[in-house]
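The block underneath contains the structure these notes are about, expressed in structure tokens.
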Protein chains: 2
Amino acid sequence: MKEFIPVLKRTKLFAGVGEDDITAMLSCLGARLRTFKKGDYVLRQGEHLGDILVLAEGKLHIQRDDYWGNRSILGHIGIGEIFGEAYVAPESGTLLNDVVALEDSAVFFFDVKRVITTCSSACRFHTMVVQNLFFAISEKNRSLVQKLDYMSRRTTREKLLSYLSEEAKKQNSPYITIPYNRQQLADYLSVDRSAMSNELCKMRDDGLLEFEKNRFKLL
Amino acid sequence: MKEFIPVLKRTKLFAGVGEDDITAMLSCLGARLRTFKKGDYVLRQGEHLGDILVLAEGKLHIQRDDYWGNRSILGHIGIGEIFGEAYVAPESGTLLNDVVALEDSAVFFFDVKRVITTCSSACRFHTMVVQNLFFAISEKNRSLVQKLDYMSRRTTREKLLSYLSEEAKKQNSPYITIPYNRQQLADYLSVDRSAMSNELCKMRDDGLLEFEKNRFKLL
DNA sequence: TCCTTTCCGTTGTAAATACAACCGAACTGT
DNA sequence: ACAGTTCGGTTGTATTTACAACGGAAAGGA
């Protein structure tokens, strides 16, 4: 577990907390580390969750398959990101989505009750972690609203443009790399892959952008 | 402000806190009460926000209009609900949406810094309010994921069915009342109103449901 | 090298949607 | 009673999409 302390230090959850203090807090927060092989399910739809999770190593996708086999990708989790925090409220039901490992991954599990219940003076930074958690979840909230904005567009072209231009804004460059391949991007935007592929080429022909694999350039 | 203390007591934010304690906390939380006329903007896209808001009276919509005038309704705010909490993080940019009063309304504004910074012993329940806030925002997070689930459906019929059946589950009855008229429901699900109206009638003809105005019965 | 798998572009067709336009019913305020 | 407005259902057409199927390029393993 100790090997990942430097990783934890750079997460939003432990922002402002030193490595020694993080080490001291781990037991206080009920931390456990679990590893997953590529393709493993970290969380499954329908499960109940009592932990807040932080990705220490690897890559994950949040996704959902419906009865008809249509896959919908809700988002992408990179190293240091927090997840699961939306399902730990007492009245929250079971998980609505699967979380799948795209690579071999390592995940920290923190007991919710111990995270949000500020303990004795032993943990000087516990209050700060609670605030960090609040900011992190509110950030996730904003990114969900952002995604709703993409999906509210009527046409595939508008969805692509709003997504790509937002990414360009985030990455602060017209050259952007996205964490999805074609199928995954289609699942993320909830459109058909082939139709999207087709539309991308039309947009290129119209001089809106250039691309190669998962790298795009907006014009 | 005092007239709304009983309302506050029943909100998720102050769950478990008595009226006297709420009264005592108001100044500690930097509470202000503002009133709005029907049609007024409570919040505007692009503004910066430093407060967490609670609706004391009235009804609100969270919505967004794009360049082409297409309106997208992100959600509905009823009495006692918290909003604005996603935009108070230090790095959060400006608001992505408008919040509009559908009726004459009254809104509590709480200074974020004072809410999430636990103060002296004077506020016995401050810690509880912070936890309540965490649960409330995580609940909102789940409802956003829920909405993403509706919107990820490919056809209008599937969107309607997933939305209505989820409402039936929430309201625990096949007879449900929704807070939207036709145009607003179409804006909420991001589909064309006339196409949706058409589809609703087809679904009725197919024996899936019955409806009158904003009241539906699932069969 | 060969085989397999993955990825992505292309095409054609059937289905669904957006959009505009129109209509009648219900409600509003004067 | 009247005009104006909102609301919701209907229709037709042009556009867009989903779906299935195919093929070539690239990557990976034996």
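None of the values given here were measured: they were computed from a predicted structure. The sequence lines fix the lettering, A, B, ..., with proteins before strands; numbering per chain opens at 1.
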Nucleotide-resolved protein contact map, nucleotides 16-30 of chain C, B/S/- at heavy-atom distance under 4.0 Å: SSSBB----------
Aromatic centroids of Y180(A) and H61(A) separated by under 6.0 Å: yes
Ring center gap for Y41(A) and F36(A) short of 6.0 angstrom: no
Cation over ring face, R32(A) and F108(A), 6.0 Å, 45°: no
Distance under 6.0 Å and angle within 45° of ring axis: K12(A) vs F135(A): no
Side-chain donor or acceptor of D98(A) paired with backbone N/O of Q45(A) under 3.5 Å: yes
K38(A) backbone acceptor or donor facing D104(A) side chain under 3.5 Å: yes
Taking side chain to side chain donor-acceptor pair (under 3.5 Å) as the definition, give me every residue that meets it alongside [X], ordered by chain and number, with sequence neighbours left out.
{"X": "E47(A)", "result": "none"}
{"X": "D149(B)", "result": "R64(A), R153(B)"}
{"X": "T177(B)", "result": "R215(B)"}

Terminal helix-axis angle for the helix from dT1(C)-dA30(D) to dT30(C)-dA1(D), with five pairs defining each axis and rounding to 10 degrees: 50°
Gap between atoms CZ and P, on R204(A) and dG9(C) respectively (whole Å): 7 Å
Exercise: identify the closest heavy-atom pair between R182(A) and F211(A): NH2-CD1, 3.2 Å
Start and end of the DNA chain D segment that chain B contacts, any atom under 4.0 Å from a heavy atom: dC7(D) to dA18(D)
